[in-house]
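Everything on this sheet refers to the single structure shown next.
As the structure is a computational prediction, the values presented were derived from the model and not from experiment. For this chain, numbers begin at 1 and follow the sequence in order.
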Amino acid sequence: MLRKSSKLPAMGFITVLFLLLHSVGLCSGGATSQYVRKSEASIDMPLELFPPPSGYNAPEQVHITQGDHVGEGAIISWVTPLERHPNVVTYWEEGKINQKHKTHSITKSYRYYNYSSGFIHHATIKNLKCDTQYFYELGKHNAIRRFSFTTPPKVGPDVPYTFGIMGDLGQTYDSKATLDHYVSNPKGQAVLFLGDLSYADHYPFHDNTRWDSWGRFIEKSAAYQPWIWTAGNHELDFVPEIEEYTPFKPYMHRYHVPYRASQSTSPLWYSVKRASAYIIVLSSYSAYGKYTPQYTWLQQEFPKVNRAETPWLIVLVHSPWYNSNNHHFMEGESMRVMFEPWFVENKVDLVFAGHVHCYERSERISNVKYNITNGLSTPVKDPSAPVYLTIGDGGNSEGLADSFTYPQPSYSAYREASFGHATLEIKNRTHAYYAWHRNQDSNAVTADSIWFYNRYWYPNEESS
């Protein structure tokens, strides 16, 4: 059967052999975890597990986020279910309860099909001291509720800071395990949230009572430390068949961000500085083609990043650009083709995404040579490129994405179909310790960890 092939010219045989070996090399990826997760499906928790707080018109769904570009402000948000007032937040510095301050909120409400929201409040507190604990109160009479938060240190190149990272959370029993796991981790100081919040759109007519229950669910973390928000596909809520034509309506009413501080024209893309990090949030589900508002904003944003001030450049998106799972495979490709050259040119350190319901960490790779005419369309190692991390494993009712492609591609360093959260401990301008924690382990156990080296100050190759 092989007699004909033995007559191949020597040069042709060598060419074929080279291509075969080259293709094998491209598929020699990293590790696919052999951990066996639980087989039960993720089930949404019933609404009775999210009761409103006691007291008439008690403030609920309390959450905070950064309120300005540099971390010296906070946006405090809450809902009063029955009356518009009180619409004020009272706050004071730790140890100075006799020196209280008050800020009034902007108050909104909305209708979505047959649902009417409560009164949604957003109050921006400004000119806070750095690295200081503040207490704040909402409500009145028998419905006063007290919370606290700590402002970040002053922005600087060697300021240590720890971020928690979660995505695609939902409100299942697995979601609860993820959030409880993160809350029990004492290191996290702020959350980078990668989109897909409540999954209310899984219910008939996008039942917005599930937005209310989700707001109560996350309060035990989000009322005490800022969550930096990214919008995902489950925030779109665009349903013409029930005459809901405004994309992102519930999300935009409920979750405010300081987008104007970075000269953005939309809360769906913006940036903040926090400690030694410069964080850019992008929208996978808004227009990003050439000359669109998001494209123009990002083009103007990169030159503003001063790596001597904020050495760690981090980008948040929802749909991953590199993903070796059959679920949502290559859905982020058009955004990658549009923006990846800028990421490499500006030496972005890390890109976090959700959307795919598993965990995956890439090598430092790029595909900036992509060209359909010469066939150069293979990701290659690139010391100027970011590491891409998919953390869409919060615990939602759609379940885990456990259909990885095989063989594992060369750009994939580690992947696992489990629920969990991650932490990023920035130590100084050169080093950051990253860890991913699966829900089934204690926080002392890391399923995946690595020291990341800063691309600007210490662009050495990392090893897992």
Item to complete: Report the C-alpha distance between Ile280 and Leu316 in whole Å, list the side-chain angles of each, state the deciding distance to 0.1 Å, and finish with yes or no for side chain to side chain contact (heavy atoms under 4.5 Å, CB included).
Response: CA-CA 6 Å; Ile280 293 175; Leu316 313 183; over 6 Å; no

Worksheet item: Please walk me through it: do Thr265 and Tyr270 pass side chain to side chain contact (heavy atoms under 4.5 Å, CB included)?
Response: CA-CA 9 Å; Thr265 56; Tyr270 63 100; over 6 Å; no

Discussion item. If you apply the rule side chain to side chain contact (heavy atoms under 4.5 Å, CB included), what do you find for Phe452 with Arg364, and how did you get there?
Written reply: CA-CA 11 Å; Phe452 285 132; Arg364 290 200 181 275; 4.1 Å; yes

Discussion item. Between Thr178 and Ser175, is the side chain to side chain donor-acceptor pair (under 3.5 Å) condition met? List the steps.
Written reply: CA-CA 5 Å; Thr178 299; Ser175 312; over 6 Å; no

Worksheet item: Can Gln294 and Thr292 be said to form a side chain to side chain donor-acceptor pair (under 3.5 Å), step by step?
Response: CA-CA 6 Å; Gln294 185 170 199; Thr292 60; 6.0 Å; no

Discussion item. Please determine whether salt bridge (Lys or Arg N to Asp or Glu O under 4.0 Å) holds for the pair Lys187 and Glu425, giving the CA-CA distance in whole Å, both sets of side-chain angles, and the decisive distance to 0.1 Å.
Written reply: CA-CA 8 Å; Lys187 294 180 179 179; Glu425 300 177 50; 3.2 Å; yes

Worksheet item: Can you list the steps and then say if Asp207 with Tyr115 is a side chain to side chain donor-acceptor pair (under 3.5 Å)?
Response: CA-CA 8 Å; Asp207 182 4; Tyr115 168 89; over 6 Å; no

Worksheet item: Which is it for Glu360 and Thr390 under the side chain to side chain donor-acceptor pair (under 3.5 Å) test, yes or no, and what are the steps along the way?
Response: CA-CA 5 Å; Glu360 186 165 14; Thr390 299; 5.1 Å; no

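At a threshold of 4.5 Å between non-hydrogen side-chain atoms, the residues His181 and Phe419 do not count as touching. The shortest distance between side-chain heavy atoms of His206 and Tyr113 does not fall below 4.5 Å. Side-chain contact between Gln225 and Val191: present, with at least one pair of heavy atoms (C-beta onward) separated by less than 4.5 Å. Here the side chains of Ser105 and His122 are not in contact, with every heavy-atom distance at 4.5 Å or above. Contact annotation: the side chain of Phe193 never approaches that of Thr230 to less than 4.5 Å [non-hydrogen atoms, C-beta and beyond]. Residues Glu340 and Trp321 are in side-chain contact: their nearest non-hydrogen atoms beyond the backbone lie under 4.5 Å apart. Here the side chains of Ile75 and Thr124 are in contact, with some heavy-atom distance below 4.5 Å. In this structure, Val88 and His121 have side chains that are not in contact, with every pair of non-hydrogen atoms separated by 4.5 Å or more.
With His318 contributing its side chain and Leu194 its backbone, the two residues share a donor-acceptor pair below 3.5 Å. Judged purely by atom type and a 3.5 angstrom limit, Glu60 has no side-chain atom pairing as donor or acceptor with the backbone of Val79. For the pair Asp196 (side chain) and His234 (backbone), a donor-acceptor distance under 3.5 Å is present. A donor-acceptor distance shorter than 3.5 angstrom exists from the side chain of Glu462 to the backbone of Tyr453, with no hydrogens or angles considered. Side-chain atoms of Asn57 come within 3.5 Å of backbone atoms of Glu83 as a donor-acceptor pair (strictly under, hydrogens ignored). The backbone N or O of Pro311 lies less than 3.5 Å from a partner atom in the side chain of Asn454, making a donor-acceptor pair. In terms of modelled atom types and a separation under 3.5 Å, the side chain of Thr132 and the main chain of Leu128 share no donor-acceptor contact. The backbone N or O of Asn428 sits less than 3.5 Å from a side-chain atom of Trp312, completing a donor-acceptor pair. Looking at Arg216, its side chain does come within 3.5 Å of a backbone N or O of Phe50 through a donor-acceptor pair. Of the possible donor and acceptor atoms, none in the side chain of Thr446 sits under 3.5 Å from a partner among the backbone N and O of Ser449.
A salt bridge links Asp180 to Lys220: at least one charged side-chain nitrogen sits closer than 4.0 Å to a carboxylate oxygen. A salt bridge does not link Asp237 with Lys249: none of the charged nitrogens is closer than 4.0 Å to a carboxylate oxygen. Remark: Glu93 engages Lys129 in a salt bridge, criterion side-chain N to carboxylate O under 4.0 Å. With salt bridges taken as basic N to acidic carboxylate O contacts below 4.0 Å, one links Asp448 and Arg361. Using a 4.0 Å cut-off between a side-chain N of Lys or Arg and a carboxylate O of Asp or Glu, Arg254 and Asp212 qualify as a salt bridge.
Under the salt bridge (charged side-chain N to carboxylate O under 4.0 Å, His left out) criterion, Glu345 pairs with no residue, sequence neighbours left out. Legend: residues meeting side chain to side chain contact (heavy atoms under 4.5 Å, CB included) with Lys347, ordered by chain and number and at least two apart, are Arg307, Ser384, Arg455. In this structure Val337 satisfies the side chain to side chain contact (heavy atoms under 4.5 Å, CB included) test together with Glu333, sequence neighbours excluded. Scored by the side chain to side chain contact (heavy atoms under 4.5 Å, CB included) test, Ser148 finds Gln133, Phe135, Tyr224 as partners (sequence neighbours excluded). Scored by the side chain to side chain contact (heavy atoms under 4.5 Å, CB included) test, Ile97 finds Trp92, Lys100, Arg146 as partners (sequence neighbours excluded).
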Result block: side-chain N/O donor-acceptor pairs under 3.5 angstrom for residues 160-171, not counting sequence neighbours:
from   : atom 1 : to     : atom 2 : distance (Å)
Tyr161 : OH     : Gln189 : O      : 3.4
Tyr161 : OH     : Arg274 : NE     : 2.9
Tyr161 : OH     : Arg274 : NH2    : 3.3
Asp168 : OD1    : His355 : N      : 2.9
Asp168 : OD2    : Tyr199 : OH     : 3.2
Asp168 : OD2    : His355 : N      : 3.3
Asp168 : OD2    : His357 : NE2    : 3.2
Gln171 : OE1    : Arg210 : NH1    : 3.1
Gln171 : OE1    : Ser213 : OG     : 2.6
Gln171 : NE2    : Ser198 : O      : 2.9
Gln171 : NE2    : Arg210 : O      : 3.0

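In this structure, CG on Leu49 lies 8.5 Å from NZ on Lys176, to the nearest 0.5 angstrom. Atom-to-atom distance recorded for Ser284:OG and Asn233:CG is 8.5 Å, nearest 0.5 angstrom. The OG atom of Ser264 lies 6.0 Å from the CH2 atom of Trp297; values are rounded to the nearest 0.5 Å. With rounding to the nearest 0.5 Å, the separation of OG in Ser276 from CD in Glu309 is 10.5 Å.
Here the options are Trp227, Phe147, Tyr255, Trp78, the test is side chain to side chain contact (heavy atoms under 4.5 Å, CB included), and the partner is His63; only Tyr255 passes. Residue Tyr295 is tested with Trp342, Phe302, Tyr288 for a ring-ring contact (aromatic ring centres under 6.0 Å, His included); the sole match is Trp342.
Here Tyr56 and His141 keep their ring centres 6.0 angstrom or further from each other. For Tyr322 and Tyr388, the distance between ring centers is under 6.0 angstrom.
Enclosure of atom CD1 in Ile106 is not indicated, since only 12 or fewer non-hydrogen atoms of other residues, nucleotides or ligands lie within 6.0 angstrom. Remark: Tyr245 OH is packed, more than 12 non-hydrogen atoms of other residues, nucleotides or ligands lying under 6.0 Å away.
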